[in-house]
Engineer: 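Right, I'll just put the structure down here and ask away after.
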Amino acid sequence: MKEKTIFEKIIDREIPADILYEDQKHIVILDINPFEKGHILVIPKKNYETILDMSEEDFLDLQKIVLKFAKKVHSVFGGGLNVNQNNYKEANQEVPHVHFHIFPRTENKKLYHSENHTGKYTSEEEKKEIIENLKI
Ligand code: AMP
């Protein structure tokens, strides 16, 4: 049997966490290593590895909780707000169980460094081809 993710262990109360909210399909916890105070994680209970594995219904249900907590975090902390979600190792996903990060931005810390934005298109043709490939 597949080993449980850390979030499944939290859901099953095998390891402790600071739980802010729970319903049949979701759990919301404090991130153990917060980017800023108030950094929370919104997690579907079903172990989808990435959002690409999710059904539309489960994704939309999850977004309802994300929006509620985004508004709540902003109402408590003010300032800026990030809603962030990583898929696969290349995107820095550490826990292979879908989760949305929500955190306030009240300090002048950079999350995305402009010097890392190196994905420039080498030509108009390349850009056009990518646009065509991305159309749905
Ligand atoms: P990601 O890189 O998007 O997979 O982020 C995983 C997040 O889970 C990180 O921000 C961790 O600090 C957080 N995390 C890992 N283990 C725990 C835990 N036991 N309780 C709460 N948050 C955790």
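Below, all heavy atoms of this structure are taken into account, side chains as well, without hydrogens, waters or symmetry copies. One is the number of the first residue; the rest follow in order along the sequence. Note that ligands are numbered from 1 as they come in the structure, with each ligand's atoms numbered from 1 the same way.
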Engineer: Find out whether V73 and F103 are in side-chain contact, i.e. whether some heavy atom of one side chain is under 4.5 Å from a heavy atom of the other.
Structural biologist: no
Engineer: Using 30° and 60° as the class limits, which term best fits the ring planes of H97 and F7: parallel, tilted or perpendicular?
Structural biologist: perpendicular
Engineer: Under 4.0 Å from a heavy atom of I29: give me the atoms of ligand 1 that qualify, with their elements.
Structural biologist: 21 (C)
Engineer: Within the distance-only criterion (no hydrogens, no angle test), does the side chain of N82 pair as donor or acceptor with the backbone N or O of N84 below 3.5 angstrom?
Structural biologist: no
Engineer: D18: heavy atom below 4.0 Å from ligand 1, yes or no?
Structural biologist: no
Engineer: So which protein heavy atom does atom 22 (N) of ligand 1 come closest to, and at what separation?
Structural biologist: I32 N, 3.1 Å
Engineer: Using side-chain contact (heavy atoms from CB on, under 4.5 Å) as the criterion, point out the one residue from E8, K9, E3 that pairs with T5.
Structural biologist: E8
Engineer: Measure from atom 11 (C) of ligand 1 to every heavy atom in D31, V98, N92 and give the option owning the shortest one.
Structural biologist: D31
Engineer: Relative to the heavy atoms of N33, which atoms of ligand 1 are at a distance of less than 4.0 Å?
Structural biologist: 12 (O)
Engineer: Could you establish whether I10 and ligand 1 come within less than 4.0 Å of each other, counting only heavy atoms on the residue side?
Structural biologist: yes
Engineer: May I ask you to say whether K135 pairs ionically with E129, meaning some side-chain N is under 4.0 Å from a carboxylate O?
Structural biologist: no
Engineer: For ligand 1, which atoms sit closer than 4.0 Å to a heavy atom of I6?
Structural biologist: 19 (N)
Engineer: I'd like to know if E124 and K127 make a salt bridge, using a cut-off of under 4.0 Å between side-chain N and carboxylate O.
Structural biologist: yes
Engineer: Output yes when the distance from some N or O of ligand 1 to some N or O of H39 is under 3.5 Å, and no in every other case.
Structural biologist: no
Engineer: Looking at ligand 1, is there an atom of it that comes within less than 4.0 Å of some heavy atom belonging to H99?
Structural biologist: yes
Engineer: May I ask you to decide whether E14 forms a salt bridge with K4, counting only side-chain N to carboxylate O separations under 4.0 Å?
Structural biologist: yes
Engineer: Would you say V95 has any N or O atom under 3.5 Å from an N or O of ligand 1, going by distance alone?
Structural biologist: yes
Engineer: Find out if a path of hydrophobic residues (ILVMFWY) with successive side-chain heavy-atom gaps under 4.5 Å connects F35 to L81.
Structural biologist: no
Engineer: With heavy atoms only and a cut-off of under 4.0 Å, state how L41 meets ligand 1: side chain, backbone, both or neither.
Structural biologist: side chain
Engineer: Is the closest basic N to carboxylate O distance between K109 and E36 below 4.0 Å?
Structural biologist: no
Engineer: Is the closest N or O pair between Q93 and ligand 1 shorter than 3.5 Å?
Structural biologist: no
Engineer: Mind checking whether N86 contacts ligand 1 via backbone (N, CA, C, O), side chain (CB onward), both or neither, at a 4.0 Å heavy-atom cut-off?
Structural biologist: side chain
Engineer: Report, in ascending order of atom number, the atoms of ligand 1 lying under 4.0 Å from any heavy atom of L30.
Structural biologist: 21 (C)
Engineer: For ligand 1, which atoms sit closer than 4.0 Å to a heavy atom of E94?
Structural biologist: 1 (P), 2 (O), 4 (O)
Engineer: Tell me whether ligand 1 is touched by Q85 - counting only heavy atoms on the residue side and a distance under 4.0 Å.
Structural biologist: no
Engineer: Linking I/L/V/M/F/W/Y whenever any side-chain heavy atoms sit under 4.5 Å apart, do V42 and L67 land together?
Structural biologist: no
Engineer: Please could you name the atoms of ligand 1 that F7 approaches to less than 4.0 Å, counting only its heavy atoms?
Structural biologist: 8 (O)
Engineer: Give a yes or no on whether a salt bridge exists between K2 and E49, defined as a side-chain N under 4.0 angstrom from a carboxylate O.
Structural biologist: no
Engineer: Need the ligand 1 atom indices (1-based, order shown) with element for anything under 4.0 Å from a heavy-atom of H101.
Structural biologist: 1 (P), 3 (O), 5 (O), 7 (C), 10 (O)
